[in-house]
Amino acid sequence: MPELPEVEVIRRGLAPVLVGRRFLAVKVGAQRLRQQSSPQELRRWLPGRRLEGLRRRGKYLRFDLEGGVTLLIHLGMTGRLFMGPPPSPPLPHVHLVFQLEGGLELFFQDTRRFGQVLVFPPGEAPPPLAQVGAEPFSRKVTPAWLAGQARGRSRPIKNFLLDARILAGIGNIYACEILLAARLHPATPVARLTLADWGRVLAETRRILRRAIKKGGTTVANYLNSKGEAGLFQLELRVYGRAGEPCRCGAPINRLVQAGRSTFFCPRCQPRRDCNP
DNA sequence: CACCCCACCTGCGTGC
DNA sequence: TGCACGCAGGTGGGGT
């Protein structure tokens, strides 16, 4: 569910309340997430430690705890984080409850349980983060850097944008929207893109992600921020989820499947390129 | 290596 | 009404 903008909105909601507080206890439900530290590990490393910082890396939330302990949370498709008091009747699919100083509770809810809650002791960097690619807003990401990453690859640009080991944080919704804005057919092999194409891809990536953060993220089904509020960027989606509807140009929006995921695009605004650049 | 498929889960909408 | 099916924002393991 949540892509970079949604995770960032959650981070901005949680940080002012949580940073500086001490974790006191963790309640762990019976059902496990796809990736989850054992209750023993969570209880060994969290209680008694103060939260020194809350950062985002790609779609991960990174809680930096006193003494170099790291708590990593990934929301998967349907994960939510929100702060107490606990609603009654109790919500279904709440798998962990973190109790913090001041009677504060942080709930992790995840219907489909694709999320991750992992704790790492001091020392080594958390291994999952080593796999995470560049931040889209990082200065090292330039059109030339993207072209370099694409060198020797033949995959479609849509799949390239979804690869979190290259650029972190872009998911299915924003990949579709970025390609429409950059006027690129989603099946275009990355080796075919010119430097000017990469320039548009990067500029539109940053513009769209920034705008989505400003609008509180995209809510198409499940997403809610840390205060339980929906986002508003779904009102600005131009192609995602709109197969058969007219694009702003008038042509009907198409759907295709790439690497097992739906891609929405406008065949007129994003024409297939048959000739060489 | 590069790339794709599929598994991992639950819930919802659709069509018969 | 019930049931089967397809589909959904995520990653990662295994196969080609």
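On a predicted model such as this, the values are computed, not experimentally measured, just so you know. Naming: A, B, ... by sequence-line order, numbering from 1 per chain. Heavy-atom basis, side chains included; hydrogens, waters and symmetry copies ignored.
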Peer 1: Report the distance from atom CZ of A:R165 to atom P of C:dG13, rounded to the nearest whole Å.
Peer 2: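 Distance, rounded to whole Å: 11 Å.
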Peer 1: Rounding to an integer number of Å, can you tell me how far A:D110 CG sits from C:dT11 C1'?
Peer 2: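 One finds 13 Å between C1' of C:dT11 and CG of A:D110, rounded.
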Peer 1: What is the separation between atom CD on A:Q109 and atom P on B:dC9, rounded to the nearest whole Å?
Peer 2: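 So the CD-P distance, A:Q109 to B:dC9, works out to 18 Å.
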Peer 1: Between the base of B:dC9 and the ring of A:F114 - centre-to-centre under 5.5 Å, planes within under 30° - is that a stack?
Peer 2: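 Taking the rule of under 5.5 Å and under 30°, the ring of A:F114 does not stack on B:dC9.
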Peer 1: Output yes when a side-chain donor or acceptor of A:E177 lies under 3.5 Å from a complementary backbone atom of A:R238, and no otherwise.
Peer 2: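 Checking the backbone N and O of A:R238 against the side chain of A:E177, a donor-acceptor pair under 3.5 Å is found.
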Peer 1: Taking the side chain of A:R155 as its heavy atoms from C-beta onward, which of B:dC3, B:dG11, C:dG12 lies nearest to it?
Peer 2: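 From the listed options, B:dC3 comes nearest.
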Peer 1: When we call it a touch if two heavy atoms are under 4.0 Å apart, what does A:Y240 touch: a base, just sugar-phosphate, or nothing?
Peer 2: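 Sugar-phosphate: the residue A:Y240, judged by heavy atoms under 4.0 Å, touches backbone atoms but no base.
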Peer 1: Take atom CD of A:E177 and atom P of C:dG9, then tell me their distance rounded to the nearest Å.
Peer 2: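 Going from CD in A:E177 over to P in C:dG9 covers 12 Å.
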Peer 1: Once you apply a heavy-atom cut-off of 4.0 Å, does A:Q35 come out as touching a base, just sugar-phosphate, or nothing?
Peer 2: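 Touches sugar-phosphate only.
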Peer 1: With a 4.0 Å limit, can you tell me whether A:H93 has a side-chain N or O closer than that to the phosphate oxygens OP1/OP2 of B:dC9?
Peer 2: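 No, because none of the side-chain N or O atoms of A:H93 sits under 4.0 Å from OP1 or OP2 of B:dC9.
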Peer 1: Can you say whether the rings of A:Y240 and A:F264 are parallel (under 30°), tilted (30 to 60°) or perpendicular (over 60°)?
Peer 2: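 Ring orientation, 0 to 90° scale: perpendicular.
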Peer 1: For A:R21, look at atom CZ and say whether over 12 heavy atoms of other residues, nucleotides or ligands are found less than 6.0 Å away.
Peer 2: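 Yes, the 6.0 Å shell around CZ holds more than 12 heavy atoms from other groups.
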Peer 1: Using a 4.0 Å heavy-atom cut-off, does A:N159 contact any base of the nucleic acid, only the sugar-phosphate backbone, or nothing at all?
Peer 2: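 Since only primed, P, OP1 and OP2 atoms lie under 4.0 Å of A:N159, the category is sugar-phosphate.
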Peer 1: Taking the same atom, C1', in C:dG6 and in B:dC6, what whole-Å distance lies between them?
Peer 2: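 Approximately 16 Å lies between the C1' atom of C:dG6 and that of B:dC6.
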Peer 1: Round to a whole Å and report the spacing from CG of A:D163 to C1' of B:dC1.
Peer 2: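 Rounded to the whole Å, the gap is 13 Å.
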Peer 1: Could you state the CD1-P distance from A:I173 to C:dC7, rounded to the nearest angstrom?
Peer 2: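 Checked: the CD1 to P distance equals 17 Å.
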Peer 1: Are OP1 or OP2 of C:dT11 and a side-chain N or O of A:K59 less than 4.0 angstrom apart?
Peer 2: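 Checking A:K59 against C:dT11: at least one side-chain N or O falls below 4.0 Å of OP1 or OP2.
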Peer 1: Side chain of A:R261, heavy atoms from C-beta onward: which of B:dT10, B:dA2, C:dG9 has the nearest atom to it?
Peer 2: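 Of the candidates, C:dG9 comes closest.
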Peer 1: Quick check: on DNA chain B, is the nucleotide nearest A:G152 upstream (toward 5') of the one nearest A:Q258, or the reverse? Name the residue that is more 5'.
Peer 2: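 Mapping each residue to its closest nucleotide by heavy atoms, the 5'-most match is A:G152.
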Peer 1: Using the P atom as the reference point in each nucleotide, state the distance between B:dC12 and C:dT11 in Å, no decimals.
Peer 2: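 After rounding to an integer number of Å, I get 24 Å for this pair.
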Peer 1: How about A:H95 and A:F108: are their ring centres within less than 6.0 Å of each other?
Peer 2: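 Distance test on ring centres: not under 6.0 Å, no.
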Peer 1: Provide the closest heavy-atom pair for A:T78 versus A:R112 in the form atom of the first, atom of the second, distance.
Peer 2: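 Closest pair (atom of A:T78, atom of A:R112, distance): OG1-N, 2.9 Å.
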Peer 1: OP1 or OP2 of C:dG9 versus the side-chain N and O atoms of A:N222: is any pair under 4.0 Å?
Peer 2: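 Checking C:dG9 against A:N222, no side-chain N or O comes under 4.0 Å of OP1 or OP2.
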Peer 1: Touch check for A:R34, heavy atoms < 4.0 angstrom, all strands: base, sugar-phosphate only, or nothing?
Peer 2: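 The answer is base, as A:R34 lies within the cut-off (heavy atoms under 4.0 Å) of a base atom.
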Peer 1: Nearest of B:dT10, C:dT11, C:dC7 to any side-chain atom of A:Y60?
Peer 2: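 Minimum distance to the A:Y60 side chain belongs to C:dT11.
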Peer 1: B:dC1 pairs with which nucleotide, Watson-Crick or G-U wobble, both distances below 3.5 Å?
Peer 2: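 The answer is none; no pair meets the criterion.
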Peer 1: Looking only at atom P, what distance separates C:dG14 and B:dC9, rounded to whole Å?
Peer 2: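 Here C:dG14 and B:dC9 have their P atoms 16 Å from each other.
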Peer 1: In this structure, how many angstroms lie between the P atom of C:dA8 and the CG atom of A:L162, rounded?
Peer 2: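 So the two atoms are 13 Å apart, to the nearest Å.
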Peer 1: Rounded to whole Å, how long is the line connecting atom CD of A:Q234 with atom P of C:dA8?
Peer 2: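 Rounded to the whole Å, the gap is 17 Å.
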Peer 1: Taking only the side-chain heavy atoms of A:T111 (C-beta and beyond), determine which of B:dT10, B:dC8, C:dC7 contains the nearest atom.
Peer 2: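 The answer is B:dT10, which lies nearest to the side chain.
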Peer 1: Counting any heavy atom closer than 4.0 Å, what does A:A259 reach on the DNA or RNA strands: base, sugar-phosphate only, or nothing?
Peer 2: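 Since only primed, P, OP1 and OP2 atoms lie under 4.0 Å of A:A259, the category is sugar-phosphate.
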Peer 1: Using the ring centroid of each side chain, check whether A:W198 and A:F160 are separated by less than 6.0 Å.
Peer 2: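 A:W198 vs A:F160: aromatic centres under 6.0 Å.
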Peer 1: Does A:S154 make a side-chain N or O approach to OP1 or OP2 of B:dC3 shorter than 4.0 Å?
Peer 2: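 Yes.
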Peer 1: Please tell me which of A:Q116 and A:S262 maps to the more 5' nucleotide of DNA chain C, matching each residue to the nucleotide holding its nearest heavy atom.
Peer 2: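 The answer here is A:S262.
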Peer 1: Confirm from the modelled atom types if A:R113 and B:dC9 form a donor-acceptor pair under 3.5 Å, side chain to base only.
Peer 2: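 Not at all, since no donor on one side and acceptor on the other fall under 3.5 Å apart.
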Peer 1: Does any nucleotide pair with B:dA7 by Watson-Crick or G-U wobble geometry, both distances under 3.5 Å, and what is it?
Peer 2: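 Result: C:dT11.
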Peer 1: Do other residues, nucleotides or ligands put more than 12 heavy atoms under 6.0 Å from the CZ atom of A:R165?
Peer 2: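 No, the 6.0 Å shell around CZ holds no more than 12 heavy atoms from other groups.
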